[in-house]
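Accompanying notes for the structure given below.
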Amino acid sequence: MKYNPVTGDVIQALQQITGEKYVKTNPDVLAAYQSDESLAPDMWHLPEVVVAPGSTEEVARIMEVANQYKIPVTPRSAGTSVSCGAVPVCGGIVLLMERMNRILEINEDGMYLVAQAGARTSDIQNAAKARGLMYAGDPCSADSCLIGGNLATNAGGNKAVRYGTTRHQVYAIEVVLPNGKITHLGAPLKKCSTGYCLDQLIIGSEGTLGIITQVTLKLVPLCPYKLDVLAVFTDLAKATALVPKLVKAGLNPTSVEFMDNNFVRRASDYSELRLPHYEDGFYDIISIETFSEAELDAKMDILASICEKAGATDVVEADDRVWKVRRNCLESTRALSKVATSEDLVVPVPKIAECIQTLVAESKKYDFLLFCLAHAGDGNLHFQIMKRDMSDEEWKKQVAAFRDFAYPYVYKLGGRLSGEHGIGYKRMPYLERCADPVELELMKTIKRALDPNDILNPDKVIHIEE
Ligand SMILES: Cc1cc2nc3c(=O)[nH]c(=O)nc-3n(C[C@H](O)[C@H](O)[C@H](O)COP(=O)(O)OP(=O)(O)OC[C@H]3O[C@@H](n4cnc5c(N)ncnc54)[C@H](O)[C@@H]3O)c2cc1C
């Protein structure tokens, strides 16, 4: 056996670290931490104990105990992962980061913010805004997810097209390594060529290489001028073909979001709103932010002209209603099916149109529902695939067949399996199949070197053979 069960001795050792109050074993609590937001019940798994440390030192001591007894540990922030990243697939300990939620420093001159990893993302955004600055990480789940979860998954979101993903917002991290050692990686410096870039190795490693306990985040000036535009198309090909044109025009948009008509209708109903071309529209939402009114006006003129030439039926200012519909997309599908999977493919921007059209056409061969939305400006395509009236076996068979077509196709386009949600448990077997074998072996070598007992978030991203 690779791992040992959580015994009374282990519970006692954990209680000595955090105090009894923060070590939970009752079945209700365990059941609450068996899942995340992945809607994949067949992949959920109960933990044996849930522990909520209050400090970095406590995290370190928990890892020492876990190594001593060979118990798997699954770090968990808010559990909004849609890749089964926070699911304790090998049982053991769920390590809850939510108590470590303080914002420790906002340095206005240095333009950075220091927070514990359990701080809520929207609290960080708001704290920066209150000082006239911006934290540019902005996943749609910002109101619920925690910053450590964002770093662990290298979360993207609406603003990534201009500011990059979470990894681009980070100066430094404090990390507890699988062996319980605490280290500080990176620094609030504009440039640095001093050794390996280990902070960036940990960021995006989905809690498999270390537990992020503290973050130093970059802040940027808030742009005072902003306009959101909704470009409505009644033709899928035209709506998706707009995106590379916008990127090439040098408008430097903050967001370029795409919604297919399934999502337009479903999310509008859910939001109790009616926007133009509800029945047949495909939406591109484009945000432009500038430091002067003149620049905004000039960019708007260019944008309007590009949209018209691209065949937009309507080009209107997008108010909060449009963003509400966009934000509610994923939530709005939950009532359609309790079993679903979110694909998170990423392709080069010029390939978006081809990829969406090909995969939508492919989906017609199956009985499941498929809706598409995209952080189109960065080539990140979400396909929400929902189980309909079919047996569990049939659902699994059809999703597997779709993926067997979609994943190699996306690699052929120069894309990858995940743009922002991560590989987690859900896509692990597919990464093994699709990734370059040498790259895969390199990942496993790194994992084995840092975590010889394979106790930190095992069976996520890659599988380590016994
Ligand atoms: C409605 C909705 C909208 C979403 N929108 C977006 C979006 O726009 N962009 C996007 O990128 N994602 C999005 N997501 C997915 C999800 O919110 C992100 O992946 C988010 O970064 C996860 O954060 P979390 O705090 O919930 O982490 P969790 O789900 O708890 O954990 C995610 C992963 O990180 C690991 N982990 C957590 N905390 C730590 C830590 N401190 N140290 C090391 N590893 C850790 C976990 O083990 C797990 O593998 C969305 C999800 C939902 C439900």
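What you are looking at is a predicted structure, and each value in this text was computed from that prediction instead of being measured. Note that ligands are numbered from 1 as they come in the structure, with each ligand's atoms numbered from 1 the same way.
- Relative ring orientation between Phe368 and Trp395 is described as perpendicular, the plane-to-plane angle rising above 60° on a 0-90° scale split at 30° and 60°.
- Relative to atom 38 (N) of ligand 1, the option among Ser77, Gly118, Ser141 with the closest non-hydrogen atom is Ser77.
- Looking at Gly210, Ala86, Cys329, Ala152, it is Ala86 that brings a heavy atom closest to atom 31 (O) of ligand 1.
- Contact record, Ser38 with Ser83: CB-N, 4.3 Å, taken as the closest heavy-atom pair.
- The number of heavy atoms from other shown groups lying within 6.0 Å of CG (Asp320) does not exceed 12.
- Put simply, no part of Gly422 is less than 4.0 Å from ligand 1, judged by heavy atoms.
- If you check which protein heavy atom lies closest to atom 11 (O) of ligand 1, you get Gly156 N, 2.9 Å.
- Under the 30°/60° scheme for interplanar angles, the aromatic rings of His382 and His375 are found to stand perpendicular.
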Can you list the steps and then say if Asn154 with Glu420 is a side chain to side chain contact (heavy atoms under 4.5 Å, CB included)? CA-CA 6 Å; Asn154 184 27; Glu420 57 178 21; over 6 Å; no

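- Residue contact check for ligand 1: Asp36 places no non-hydrogen atom closer than 4.0 Å to it.
- Taking only nitrogen or oxygen atoms, main chain and side chain alike, Ile211 does not reach within less than 3.5 Å of ligand 1.
- Ligand-side atoms of ligand 1 in range of Ala155: 11 (O), 21 (O), range being under 4.0 angstrom from any heavy atom.
- When heavy-atom distances to ligand 1 are checked against a 4.0 Å cut-off, Asn457 comes that close only through its side chain, counted from C-beta outward.
- Remark: the backbone N or O of Cys145 is paired with a side-chain donor or acceptor of Thr121 at under 3.5 angstrom.
- Results of the side chain to side chain contact (heavy atoms under 4.5 Å, CB included) test with Asp344 over Leu381, Asn380, Leu417, Val82 single out Asn380 as the only residue that passes.
- For the residue pair Asn261 / Arg265, a side-chain donor-acceptor distance below 3.5 Å is found, with atom types taken as modelled.
- Ligand 1 does not have Gly424 within reach: every non-hydrogen atom of the residue lies 4.0 Å or more from it.
- Selection from Val73, Ile212, Thr213 by nearest heavy atom to atom 41 (N) of ligand 1 gives Ile212.
- On a distance-only criterion, Thr80 and ligand 1 share at least one N/O pair closer than 3.5 Å.
- Using a 4.0 Å cut-off between heavy atoms, Asn150 contacts ligand 1 through both its backbone and its side chain.
- Remark: distances from the non-hydrogen atoms of Lys460 to ligand 1 are all 4.0 Å or more.
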